[in-house]
Amino acid sequence: MNSDLQHTLEVFPKNDFKNNLVNWFLAEQRNLPWRLNKDPYRVWVSEIMLQQTRVETVIPFYNKFMQLFPTVADLANAKEEKVLKAWEGLGYYSRARNLQSAVREVHEVYNGQVPNTPENISKLKGVGPYTAGAILSIAYGIPEPAVDGNVMRVLSRILTIREDIGVPKNRKIFEQAVRALISHEDPSAFNQGMMELGALICTPTNPACLLCPVREQCMAFENGLVNELPIKSKKKAPKQVELVVGVIKNKEGKFLIQQRPQTGLLANMWEFPTAELKSNLLSKGDTLGFFLNEEYKIEVEELAYHFSIEHVFTHLVWKIDVYVGNTIKESNSLTTHKWVSLEECKDLPFPVVHQKIYQQIEKSQL
DNA sequence: AATACGGGGCC
DNA sequence: GGCCCAGTATT
């Protein structure tokens, strides 16, 4: 173990901290849908949805998802497209695909029982060190660390840990700290209490120290370092990508949509035909026209600029020009592209930016 | 060790 | 406009 941390922990009032935290959590915890019971499957789904996603955002998705797929068997037997549709708008869609894949494994290999050992649960797709610890502690009462961004921020302040919380390997330092502090009587309340504290009191900016149940144990508070901790390195700016999107209507009034590849960004989601601008030699309209001709063998009349839209992802920015046009092409349905009405679009999983496009088109009544 | 992977809400 | 969010998989 990190020797600074080891020394800190030797003199740290562990029992006071643990008792204050657990009692505060048991008294003040929010009433959240995944806290209804300790069904490991329900806990699992909530933990996957909560990855990099705020509680308030998750709640409506979680309620709908549990209604659609109440048990391991229901999710295992569902069509992937239905699962993606339920995830639509939540982001990080590989979470949904990995969750279903892992649930199918639990259904088949473990007879529907979510594994209760670190070794087995960590083998499941989409279950990393945080999620493994969260399920084991919350659903099974096993004293394993569940270190997320909240826990690193809280412990950084409580123990004045100066390791950069943006560096992945440093998570292990915080896991060691949790192992030294965790309640063995109620590991669930301890881990959830750490996260709840981070969400409600020990927030990134303007933490509510005067309301904090462990202020007496907080070394950052004692030393006036609350605003200096945690230390977190900055991430680099997202890359800009210029795209042209075609909203192409055929004689039957249906629109051409395509399915994205099964790996990478927005995998398996549906979208309007999209071409990336790679050189300045071609205009945007020509780039799109050649793409449609090459990919779908269609000629489009009056391919005209309609509007622009920008969409920001974590690691890139799409700057999109949307063009509209008509074709004499007849409808036929293939696997990776379809001709559909705007109403039919709403039954398929679309990334938010393409939802915005079909909403805009619908509004302008094309 | 770095990068890919969504989307929204807050300051 | 940047930061952050109950992170994980891949390279």
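Just so we're on the same page: letters track the sequence lines, and every chain starts at 1.
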Side chains of residues 132-158 of chain A: which donor-acceptor partners sit under 3.5 Å, not counting sequence neighbours?
residue, atom, partner, partner atom, Å
A:S137, OG, A:G133, O, 2.8
A:S137, OG, A:A134, O, 3.2
A:S137, OG, A:N191, ND2, 3.0
A:Y140, OH, A:V114, O, 2.5
A:E144, OE1, A:R179, NH2, 3.3
A:D148, OD1, A:N150, N, 3.2
A:D148, OD1, A:V151, N, 2.9
A:D148, OD2, A:N150, ND2, 3.3
A:N150, OD1, A:R153, NH2, 2.7
A:R153, NE, A:C202, O, 2.7
A:R153, NH2, A:G198, O, 2.8
A:R153, NH2, A:C202, O, 3.4
A:S156, OG, A:I161, O, 3.0
A:R157, NE, A:V226, O, 3.3
A:R157, NE, A:L229, O, 2.9
A:R157, NH1, A:C202, O, 3.4
A:R157, NH1, A:T203, O, 2.9
A:R157, NH2, A:T203, O, 3.3
A:R157, NH2, A:P204, O, 3.0
A:R157, NH2, A:L229, O, 3.3

- Per the under-4.0 Å heavy-atom filter, residues of residues 41-67 of chain A near DNA chain B come out as A:Q52, A:T53, A:R54
- Item | side-chain hydrogen bond (donor to acceptor under 3.5 Å, both in side chains): pairs with one or both residues in residues 262-274 of chain A, sequence neighbours excluded | A:E80-A:N268, A:E81-A:W270, A:Q258-A:E271, A:R260-A:E271
- Query: Whole Å only: how far is the OH atom of A:Y93 from the P atom of B:dC5?
  - Reply: 14 Å
- What nucleic acid atoms does A:G89 come within less than 4.0 Å of, heavy atoms only: base, sugar-phosphate, or nothing? sugar-phosphate
- Query: Does anyone know the first and last nucleotide of DNA chain C in reach of chain A, 5' to 3', at under 4.0 angstrom to a heavy atom?
  - Reply: C:dC3 to C:dA9
- Aromatic ring pairing A:H311/A:W318, orientation class (parallel under 30°, perpendicular over 60°, tilted between): tilted
- Message: Need to verify one output field. Residue with the more 5' nearest nucleotide on DNA chain C, A:I165 or A:A237?
- Response: A:A237
- A:L282: hydrophobic cluster co-members (side-chain, 4.5 Å): A:F290
- Go through the structure and list residues passing side-chain contact (heavy atoms from CB on, under 4.5 Å) with A:S341, not counting sequence neighbours. A:E343, A:E344
- Under a single-linkage rule joining Ile, Leu, Val, Met, Phe, Trp and Tyr whose side-chain heavy atoms are separated by less than 4.5 Å, which residues share a cluster with A:L210? none
- What does A:R35 touch in the nucleic acid at a heavy-atom separation under 4.0 angstrom: a base, only the sugar-phosphate, or nothing? base
- Query: Looking for any heavy atom pair under 4.0 Å, which part of the strands does A:W34 touch: base, sugar-phosphate only, or nothing?
  - Reply: base
- Item | Partner residues of A:K64 under the side chain to side chain donor-acceptor pair (under 3.5 Å) criterion, sequence neighbours left out | none
- Item | Derivation and outcome, side-chain contact (heavy atoms from CB on, under 4.5 Å), residues A:Q360 and A:H306 | CA-CA 10 Å; A:Q360 194 68 231; A:H306 205 59; 5.6 Å; no
- Charged N to carboxylate O below 4.0 Å: is that the case for A:R171 and A:E175? yes
- Note on the structure: Contacts satisfying side-chain hydrogen bond (donor to acceptor under 3.5 Å, both in side chains) that involve residues 208-221 of chain A (not counting sequence neighbours) are A:N20-A:Q217
- Task: Could you check whether A:R171 gets within reach of a base, just the sugar-phosphate, or nothing at all, counting any heavy atom under 4.0 Å?
- Result: nothing
- Item | 5' priority, DNA chain B, between A:V312 and A:N206 [closest heavy atom] | A:V312
- Message: What's A:P129 touching, base or sugar-phosphate or nothing? Going by heavy atoms closer than 4.0 Å.
- Response: sugar-phosphate
- Task: Mind calculating the distance between CH2 (A:W87) and P (B:dG6) to the nearest angstrom?
- Result: 12 Å
- Rounded to the nearest angstrom, tell me the gap between atom CE in A:M269 and atom P in B:dG6. 8 Å
- Message: Going by the rule side chain to side chain donor-acceptor pair (under 3.5 Å), which residues pair with A:S46 if we only count those two or more places apart in sequence or in a different chain?
- Response: none
- May I ask you to list the residues of residues 137-152 of chain A, by number, that have any heavy atom positioned under 4.0 Å from an atom of DNA chain C? A:D148, A:G149, A:N150
- Query: Checking all strands, does A:L266 fall into the base, sugar-phosphate, or nothing category for heavy-atom contacts under 4.0 angstrom?
  - Reply: sugar-phosphate
- Message: Distance check needed: B:dG6 P versus A:H315 NE2, whole Å only.
- Response: 7 Å
- Task: Using side-chain contact (heavy atoms from CB on, under 4.5 Å) as the criterion, list what pairs up with A:V109, not counting sequence neighbours.
- Result: A:E105
